[in-house]
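To keep things clear, I will list the structure first and then write my remarks on it.
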Amino acid sequence: MVRFALALLLLPVLAAPLHAEGADCADPITQVDMNACAMAEFQAQDAVLNAVWSDAVGLMEGVDALLPEAERGALAALRDAQRRWIAYRDAACAAEAWLVRGGSMEPLVLYSCLARLTAERTAGLQALQTN
């Protein structure tokens, strides 16, 4: 249900042409550029998250390898947490974007939220590896 709602929310965004490659993200001026830069920032944060995720998976696999088979579950717990976090992130950002629903800055609010929460999750996964 959340994914369906997010898909409906993103439909106008995805239907519009994307201009991220032509936008000056150091100083975006138009709303189109701001939206494109926010999306590019989310994509960059998501790429960092995916790299850190691989490290976290390796860590949990290592934890499981040290445990007797009946006590293993670190990797499964991490995967469950990630799935639930994705659902939370998507729902929270869809709700935040409702503040400007239908406006030209809706994609900016949505992608900024996605980038912010993704960066926070990345920091959380990195913290696992320092404990």
Side-chain angles (χ1 to χ4, degrees):
M1 180 68 132
V2 171
R3 290 176 194 233
F4 178 72
L6 186 60
L8 287 178
L9 182 66
L10 289 175
L11 191 59
V13 175
L14 297 176
L18 300 176
H19 304 286
E21 61 276 351
D24 176 9
C25 291
D27 187 27
I29 295 171
T30 69
Q31 189 64 55
V32 170
D33 286 350
M34 290 180 219
N35 294 347
C37 292
M39 186 177 84
E41 176 62 21
F42 166 59
Q43 291 171 334
Q45 291 296 333
D46 193 52
V48 174
L49 174 65
N50 287 328
V52 172
W53 170 255
S54 295
D55 295 339
V57 166
L59 174 68
M60 294 307 199
E61 287 173 337
V63 169
D64 278 343
L66 296 173
L67 296 171
E69 190 171 339
E71 295 179 24
R72 293 178 184 165
L75 180 58
L78 179 67
R79 284 189 175 140
D80 183 54
Q82 189 69 5
R83 285 185 192 108
R84 291 171 188 254
W85 172 80
I86 290 169
Y88 161 76
R89 179 201 62 191
D90 292 349
C93 291
E96 194 171 308
W98 270 96
L99 294 171
V100 291
R101 178 78 173 143
S104 62
M105 65 183 282
E106 182 179 357
L108 172 66
V109 172
L110 176 67
Y111 286 119
S112 295
C113 177
L114 291 169
R116 183 181 72 251
L117 293 183
T118 300
E120 290 173 9
R121 178 62 176 160
T122 299
L125 290 175
Q126 288 171 325
L128 281 177
Q129 299 170 46
T130 60
N131 291 332

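Heavy atoms only: backbone and side chains are in, while hydrogens, waters and symmetry mates are out.
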For T30, all residues meeting side-chain contact (heavy atoms from CB on, under 4.5 Å), sequence neighbours excluded: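 In terms of side-chain contact (heavy atoms from CB on, under 4.5 Å), with neighbours along the sequence ignored, T30 is linked to V32, D33.
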Which residues pass the side-chain contact (heavy atoms from CB on, under 4.5 Å) test with E69, not counting sequence neighbours?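 For E69, the residues satisfying side-chain contact (heavy atoms from CB on, under 4.5 Å) (neighbours in sequence not counted) are R72.
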Heavy-atom pair with the smallest gap, counting every atom of L108 and A38: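 It is CD1-CB, 3.6 Å.
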Tell me the closest heavy-atom pair linking P107 and S104, and the distance in Å. CD-O, 3.5 Å
Does anything in residues 95-131 form a disulfide (SG to SG under 2.5 Å)? List the pairs, not counting sequence neighbours. C93-C113
Residue pairs passing the disulfide (SG to SG under 2.5 Å) test where at least one lies in residues 40-81, sequence neighbours excluded: none
Is it true that L110 and F42 fall in one hydrophobic cluster, defined by side-chain heavy atoms closer than 4.5 Å?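 Result: yes, single cluster for both.
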Same cluster (ILVMFWY, side-chain, under 4.5 Å), L75 and L128: yes
Expected output: side-chain S112 to main-chain V109 donor-acceptor under 3.5 Å: no
Any side-chain heavy atom of [X] within less than 4.5 Å of one from [Y]?
X   : Y    : result
R89 : I86  : yes
W85 : L125 : no
N35 : Q31  : yes

Tell me the salt bridge (charged side-chain N to carboxylate O under 4.0 Å, His left out) pairs involving residues 113-125, sequence neighbours left out? E96-R116
Exactly one of Q43, M34, M39 should register a side chain to side chain contact (heavy atoms under 4.5 Å, CB included) with Y111. Which one does? M39
Let me have the donor-acceptor pairs involving side chains of residues 44-62, under 3.5 Å, with sequence neighbours excluded, atom names and distances please.
from	atom 1	to	atom 2	distance (Å)
Q45	NE2	E41	OE2	2.8
N50	ND2	D46	O	3.2
S54	OG	N50	O	3.3

